[in-house]
Amino acid sequence: VVTRDDVEESLKAVFQLVKDKEQLLQDLRSQIEETKKKISEKQHERDYWLEYKNVGSKIHAERISSLEKDTVEVKCELERTEEYYREALKVVKEENQKLFDRHMQLLSEAALKKAVGYLDKNCRREIEENEWLKEEVKIYQKEESDLKASVQLLEEENTSLVAKLIDIKLQHLRV
C-alpha cells in the first residue's frame, strides 16, 4: 500500500533529482561558455601569431638586419673617430713636449745669464774661455772624425792595391 506521504516523498525525490540535473546542466552550460571563451581567445592568439609569422616576422627581420647594418656602421665610425682622436692626442702630446723642452731651455739660458750676471769679471772671463774651448773641441772632434774616415778609405785602397800586387806577382811566378 502506497501512502500519500510515500508519493510526496517520491515526488520530492524526483523533483530534487530534476533540480539537480538542471543545476548540473546549467553548470555544464557555464563550463561550455567558459571553454568557448578560452577557445575564442586562443583562436585570436593563433590568428595573431599566424599573421606575425606571415607578415610581421618579415618586417621585424628587415628591421633587425637594418639595425645590424647600422650597428656595424656605427662601430666603424667609432673606430675611425677613436683612431683620429688617438692620433690628435699623440700630436698634441708631442707638441706639448716640444714646447715644454723649449721653455725649459729658455729658462735654463735665462738662469745661466742671471747667474753669470752675479759673478765677478774673472769668473765671467773663465766661462767665456770655457765656451770658446768647447767650440774648439767640437771643431777638433769634427776634424778628427773626418781624418779617421780618410785614413779608413786610404787603408782600404792600400789593401786593395796590395791584393792586386800580390795577384800580379802570382801571375808572374806562374809564367
Steps toward side chain to side chain contact (heavy atoms under 4.5 Å, CB included) verdict (Leu161, Leu165): CA-CA 6 Å; Leu161 289 174; Leu165 186 62; over 6 Å; no
From CA spacing to verdict: salt bridge (Lys or Arg N to Asp or Glu O under 4.0 Å), Glu8, Arg4: CA-CA 6 Å; Glu8 279 182 11; Arg4 181 182 174 133; 3.3 Å; yes
Verdict with reasoning, Gln171 to Asp167, per side chain to side chain donor-acceptor pair (under 3.5 Å): CA-CA 6 Å; Gln171 286 177 358; Asp167 287 342; over 6 Å; no
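Here Thr3 pairs with Asp6 under the side chain to side chain donor-acceptor pair (under 3.5 Å) rule; sequence neighbours left out. Every ring pair (Phe, Tyr, Trp, His ring centres under 6.0 Å) that Tyr52 has, sequence neighbours left out, goes to Trp49, His60. Scored by the salt bridge (Lys or Arg N to Asp or Glu O under 4.0 Å) test, Glu109 finds no partners at all (sequence neighbours excluded). Listed by chain and residue number, nothing satisfies the side chain to side chain donor-acceptor pair (under 3.5 Å) test with Glu68 (two or more places apart in sequence, or in another chain). Lys90 pairs by the salt bridge (Lys or Arg N to Asp or Glu O under 4.0 Å) definition with nothing, not counting sequence neighbours. For the salt bridge (Lys or Arg N to Asp or Glu O under 4.0 Å) test, no residue two or more places apart in sequence or in another chain qualifies with Glu22. Partners of Glu51 under the salt bridge (Lys or Arg N to Asp or Glu O under 4.0 Å) rule, at least two apart in sequence or in another chain, do not exist in this structure.
Rounding to the nearest 0.5 Å places OG1 of Thr71 at 11.0 Å from CD1 of Ile64. Here the straight-line distance linking atom NZ of Lys53 with atom CZ of Arg46 works out to 10.5 Å at 0.5 Å rounding. Distance CD1/Ile39 to CD/Gln43: 9.0 Å, rounded to 0.5 Å. For the atom pair CG of Leu50 and CD of Glu45, the computed distance is 11.0 Å after rounding to the nearest 0.5 Å. In this structure, Ile139 CD1 and Lys142 NZ are separated by 10.0 Å, a value rounded to the nearest 0.5 Å. Between the CG atom of Leu173 and the CD1 atom of Ile168 there is a distance of 12.0 Å, given to the nearest 0.5 Å.
Tyr140 belongs to no hydrophobic cluster with other residues, because no ILVMFWY side-chain heavy atom falls under 4.5 Å from its own, directly or through intermediates. Residues Ile59 make up the rest of the hydrophobic cluster containing Val55, defined by ILVMFWY side-chain heavy atoms closer than 4.5 Å, directly or through other members.
Side-chain contact check for Asn96 versus Val92: some heavy-atom pair is nearer than 4.5 Å.
Of the charged side-chain nitrogens involved, at least one lies within less than 4.0 Å of a carboxylate oxygen, so that Lys148 and Glu144 count as a salt-bridged pair.
In the hydrophobic clustering of ILVMFWY residues, with side-chain heavy atoms under 4.5 Å counting as a link, Leu107 and Phe100 come out together.
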Pair up each side-chain donor or acceptor in residues 149-157 with any protein partner under 3.5 Å, not counting sequence neighbours, and list the distances.
from   : atom 1 : to     : atom 2 : distance (Å)
Ser150 : OG     : Asp146 : O      : 3.1

Which atom pairs, donor and acceptor, lie under 3.5 Å between side-chain atoms of residues 75-83 and protein residues at least two apart or in another chain?
from  : atom 1 : to    : atom 2 : distance (Å)
Glu77 : OE1    : Arg80 : NH2    : 2.4
Thr81 : OG1    : Glu77 : O      : 2.8
Glu82 : OE2    : Arg86 : NH2    : 2.9
Glu83 : OE1    : Arg86 : NH1    : 2.7

Without placing hydrogens or testing angles, list every side-chain donor-acceptor pair under 3.5 Å for residues 27-36, not counting sequence neighbours.
from  : atom 1 : to    : atom 2 : distance (Å)
Asp27 : OD1    : Gln23 : NE2    : 3.2
Ser30 : OG     : Asp27 : O      : 2.8
Thr35 : OG1    : Gln31 : O      : 2.7

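Judged by distance alone, the side chains of Asp101 and Gln97 do bring a donor and an acceptor atom under 3.5 Å apart.
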